[in-house]
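Working notes for the structure below.
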Protein chains: 2
Amino acid sequence: MPKRVDHEERRARIAEALWRIACARGLDGASLRDVAAEAGISLGQLQHYFASKDDMLVFALEHISDLAARRVGERLRGLSGEPSPRDVLLGSVREMLPLDDKSRTGHLVQIAYFVRAVHDERLRRHAKEGVPGLRAFFAGQVREGQARGEVAADRDPEVEAALLIALVDGLASYAVLEVWSAEEALGLVAGHLDRLFGVR
Amino acid sequence: MPKRVDHEERRARIAEALWRIACARGLDGASLRDVAAEAGISLGQLQHYFASKDDMLVFALEHISDLAARRVGERLRGLSGEPSPRDVLLGSVREMLPLDDKSRTGHLVQIAYFVRAVHDERLRRHAKEGVPGLRAFFAGQVREGQARGEVAADRDPEVEAALLIALVDGLASYAVLEVWSAEEALGLVAGHLDRLFGVR
DNA sequence: CGTTTCACAAGTCGTCTGTATTGCTATAGC
DNA sequence: GCTATAGCAATACAGACGACTTGTGAAACG
């Protein structure tokens, strides 16, 4: 057999090139030739690693959501000792806002996929399966807040979790459009959390 | 001179055909030929009314935002006699959620434009100029609620307005992805308003 | 040492895109 | 009734697209 190459590593490199293009011109503006050029490889080589454009798109989506989940996990592990539910939620939310360039890129890619998901059953399933997990995690934190007496007992954790997710997502979208800055968005959601956690 | 045709009316018809395509396959999936076919006219005729594809896109965006604003206005005028700020806000919000098929179409079109706005300066200005108006309107309603003693005086109307806009937008986006239904979204935002207006 | 098999490059195919051009028809004004 | 012109159809065009095929080199195995 000839020399062996780490396929996953190559595919990851190509996916990152795709993100750079999608971030600048959108997913529909990313042709196979563009991505290959951005990755510094030939079109033939790209096609060697992805049988079709759709394969490339799906792989890149899974890869980026893996990385995003890892980032959130690391941030939460980085919280000192016994973090309060409020801190956990704020930390998670911080990772969901385009606060730095890397995060902004991730958001632009996410948006590119969002649009495609509207018309693509396969991608839509991705979103439908991913949200409940995040919602359950947020709801758990709210419940923990209730157990500590920081959150009013009559709040429905599931409802608060959904509200928080939708709120952050809306704030992030407008931040990407530069209607307001990511820092303003963070301030707004922090205020929302303050009210939820009864600091008032 | 030969026969005269109502250009604006023809352009509106073409724009509506564009929406139907964009709703089904996205804006990038809408070629001039597709739009012409959907509108039941020839490519040549379409070109007679729009010098370029970009012209068509911009016109269609302005046309749909005009219609959306008109819909909100009509709903608010339809409210009985002396509507409370809470009812005005809920009525506006109701028009911003994909509750029926027509509204869902509008949302899909809006999303299609949203993605394009991320990479298109001209479209982004549209969004940046439109939001402050809505935000000021919402803030005014919150202030009215405070004057009536329905909203706590320590709430910042501008902050609450921004939160409401972002929340509704996030809820609507997930509703389009079918993560939750538009009715659930309406229930969630209604609960949010209940808390803002102290019904608790 | 030959054969197999993976890695990759290059070229080609048919299709689809937005735009441009050409020409025909019908009508309003003189 | 002639002519100018708006309305419109048909076609052409150059470029880009995704998918596919073919060819070459090299490394590992028998």
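By convention in this document, chain letters (A, B, ...) are assigned in the order of the sequence lines, proteins followed by strands, and residues within each chain are numbered from 1.
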When you measure from the side-chain N and O atoms of A/His7 to the phosphate of C/dA7, is any distance below 4.0 Å, counting only OP1 and OP2?
yes
Does OP1 or OP2 of C/dC8 have a side-chain N or O of A/Arg10 closer than 4.0 Å?
yes
For A/Ile41, answer base if it contacts any base atom (sugar-phosphate contacts may also be present), sugar-phosphate if it contacts only those atoms, and nothing otherwise; contact means non-hydrogen atoms under 4.0 Å.
nothing
Find the distance B/Glu9:CD to D/dG7:P and express it as a whole number of Å.
13 Å
Pull out every residue in residues 44-60 of chain A that has a heavy atom closer than 4.0 Å to any atom of DNA chain D, ordered by number, or say none.
A/Gln47, A/Ser52, A/Lys53
With a 4.0 Å cut-off on heavy atoms, is B/Leu32 in touch with a base, just the backbone sugar-phosphate, or nothing at all?
base
Could you tell me how far apart A/Arg33 (CZ) and C/dA10 (C1') are, to the nearest whole angstrom?
12 Å
Look at the aromatic rings of A/Tyr49 and A/His7 and report parallel, tilted or perpendicular, splitting at 30° and 60°.
perpendicular
Residues B/Glu38 and B/Arg33 bridged, charged N to O under 4.0 Å:
no
Do the side-chain N or O atoms of B/Ser31 get closer than 4.0 angstrom to the phosphate oxygens (OP1, OP2) of C/dT17?
yes
Using the rule that Ile, Leu, Val, Met, Phe, Trp and Tyr join whenever any side-chain heavy atoms are under 4.5 Å apart, tell me whether B/Leu67 and B/Ile21 fall into a single cluster.
no
Check the distance between C/dT12's P and A/Leu43's CG and give it to me in whole angstrom.
14 Å
Does B/Arg11 make a cation-pi contact with B/Phe59 (under 6.0 Å, within 45 degrees of the axis)?
yes
Work out which heavy atom in A/Ala190 is nearest to a heavy atom in A/Arg86; give both atom names and the distance.
O-NH1, 3.8 Å
Separation of D/dG18 atom P from A/Asp28 atom CG, nearest Å, is 10 Å
Could you give me the CA-CA distance, side-chain angles and deciding distance for B/Trp19 and B/His63, then say whether side chain to side chain contact (heavy atoms under 4.5 Å, CB included) is met?
CA-CA 11 Å; B/Trp19 300 340; B/His63 191 43; 3.5 Å; yes
